[in-house]
Amino acid sequence: MTELTVAVVGSGYMGGGIAQVLALAGATVKIADISEEIAVRNYERLLDEARQFVADGLFPDDAVERLEAHLSPAASIEEAVADADFIEEAVPEKIEIKHETLRRISAAARPDAVIGSNTSTILIASLAEAVTRPERFLGVHFSNPAPFIPGVELIPHPGTDESVIPLVEDLVASTGKETARVKDSTGFVLNRLQYALFHEATQIVEEGIATPEDIDTIVRTTFGFRLPVFGPFAIADMAGLDVYAFCYASLQTRWPERFATPESLKELVDAGKFGTKSGAGYLDVPAERTAELVAYRNKAYVAMKKLIDELGPAPIHLAAAPVAH
Ligand SMILES: NC(=O)c1ccc[n+]([C@@H]2O[C@H](COP(=O)([O-])OP(=O)(O)OC[C@H]3O[C@@H](n4cnc5c(N)ncnc54)[C@H](O)[C@@H]3O)[C@@H](O)[C@H]2O)c1
């Protein structure tokens, strides 16, 4: 739980979800938008959504009462931010709108307030140009849908004061979400990786190798199936970095540059660090814990399969669509 006072500026899709999450964690949250009328309308929408989420078992039973107690619409940006310890900007992804909003936030906020931006793609340092105290500003990037995705990228820019970061880390931790820190670089980490995968997937479709449906099936049921529990480095370590080096050599027969062997992989393999099987790789998993890791992995995959079978297929396939009469 947190007792911080928070303002979320831009109470649309992402800002609304972020406000719900922070208010449910105990923060006193004010939402602001272009006008009081829109903020009030969005507030009502957030309560309606919460009622549905409670009915669907997605929010705790007392979520609506907790939101009524902790969340409120503000008449203006200035009113919302005046008392806030933390302010999250979630206005549209246009630098002019963000700059104008950050100027207004800076002018009305307490000098010790920390300001975050939910930008997906704009460099934090370029947004910081409009912030009066840029040392108290950083990217705090929630993912869609904010109420349910548990990871948040934290993106300090080079001028961010280290001492402001724990406030945000603690606030996000109080929501039950997990943070990871990333340098201020185009696409940050989430979108850079997501678009790298999407880029390759579209190439495969355009080359006529597989359909979007078949690619989605492969991703969901093979390597994507591992991703809820392991990231690419744990996966590579478990597969064997020597194996990765051989696969790179094979990919290079067609794409020598696109799939050039990464320097870090070469160095590890040359040093005899092949990942889990040798007790050292990208992540240092001690060799004596390999059996425990394999057991966890197997348990996780069986549990995931069971969960997905219980959920049934996503309603995006033609076969699952309702038939019109
Ligand atoms: N939608 C996503 O999947 C997603 C995921 C992660 C991050 N983001 C980022 O979150 C931010 C918000 O995106 P969104 O999808 O919630 O957009 P949205 O259009 O749903 O919400 C934007 C809100 O900002 C308000 N607004 C517009 N101009 C304003 C102003 N001058 N002052 C105050 N409020 C203003 C709008 O009325 C609206 O309520 C963007 O930076 C976006 O890139 C979006």
Side-chain angles (χ1 to χ4, degrees), residues 6-23 29-50 71-82 84 86-109 113 115-132 137-155 157 168 172 175 177-182 184-195 197-198 316:
V6 170
V8 179
V9 178
S11 52
Y13 185 63
M14 291 302 294
I18 295 166
Q20 284 173 327
V21 164
L22 295 173
V29 182
K30 284 190 178 160
I31 54 172
D33 212 284
I34 297 174
S35 65
E36 180 174 15
E37 190 196 345
I38 296 181
V40 170
R41 203 161 61 209
N42 284 337
Y43 169 75
E44 297 296 344
R45 169 179 61 84
L46 294 174
L47 290 183
D48 284 346
E49 261 176 32
L71 182 66
S72 58
S76 65
I77 294 178
E78 288 72 14
E79 184 196 305
V81 305
F86 174 71
I87 299 152
E88 175 80 340
E89 168 279 304
V91 298
E93 190 79 345
K94 289 200 175 141
I95 193 150
E96 322 80 70
I97 301 181
K98 293 218 185 262
H99 272 172
E100 168 60 17
T101 305
L102 288 166
R103 270 189 215 102
R104 283 180 64 185
I105 291 173
S106 293
I115 305 173
S117 171
N118 196 51
T119 182
S120 315
T121 53
I122 304 174
L123 279 179
I124 302 303
S126 40
L127 293 178
E129 289 164 13
V131 180
T132 310
F137 177 66
L138 73 164
V140 182
H141 182 206
F142 287 79
S143 263
N144 169 22
F148 307 121
I149 299 279
V152 179
E153 278 184 310
L154 295 189
I155 313 135
H157 65 95
V168 183
V172 175
T175 69
K177 296 191 190 293
E178 209 174 326
T179 52
R181 260 216 229 179
V182 175
D184 189 20
S185 167
T186 306
F188 314 130
V189 168
L190 186 168
N191 278 314
R192 186 164 162 187
L193 289 177
Q194 186 165 253
Y195 278 83
L197 173 61
F198 185 68
I316 51 178

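Start at 1 and go down the list; that is how both ligands and their atoms are numbered.
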Quick check for students: name every N or O atom pair between ligand 1 and the protein closer than 3.5 Å, with distances.
residue, atom, partner, partner atom, Å
ligand 1, 3 (O), Asn144, ND2, 3.1
ligand 1, 8 (N), Ser120, OG, 3.2
ligand 1, 10 (O), Asn118, ND2, 3.0
ligand 1, 16 (O), Tyr13, N, 3.4
ligand 1, 16 (O), Met14, N, 2.7
ligand 1, 20 (O), Tyr13, N, 2.9
ligand 1, 37 (O), Asp33, OD1, 2.5
ligand 1, 39 (O), Gly12, N, 3.3
ligand 1, 39 (O), Asp33, OD2, 2.7
ligand 1, 41 (O), Val91, O, 3.4
ligand 1, 41 (O), Glu93, OE1, 2.5
ligand 1, 41 (O), Lys98, NZ, 2.7
ligand 1, 43 (O), Glu93, OE1, 2.8
ligand 1, 43 (O), Ser120, OG, 2.7

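- Among Thr179, Val168, Ile87, the single residue meeting the side chain to side chain contact (heavy atoms under 4.5 Å, CB included) criterion with Val140 is Val168.
- At most 12 non-hydrogen atoms from other residues, nucleotides or ligands lie less than 6.0 angstrom from CD of Glu37.
- The line from OH of Tyr43 to CD of Glu36 is 13.0 Å long, rounded to the nearest 0.5 Å.
- Note on Glu49 versus Arg45: salt bridge recorded, some NZ/NE/NH1/NH2 to OD/OE distance being below 4.0 Å.
- Heavy-atom minimum distance, Val21 versus Pro147: CG2-CA, 3.4 Å.
- Between Thr119 and Glu93 there is a side-chain heavy-atom pair separated by less than 4.5 Å.
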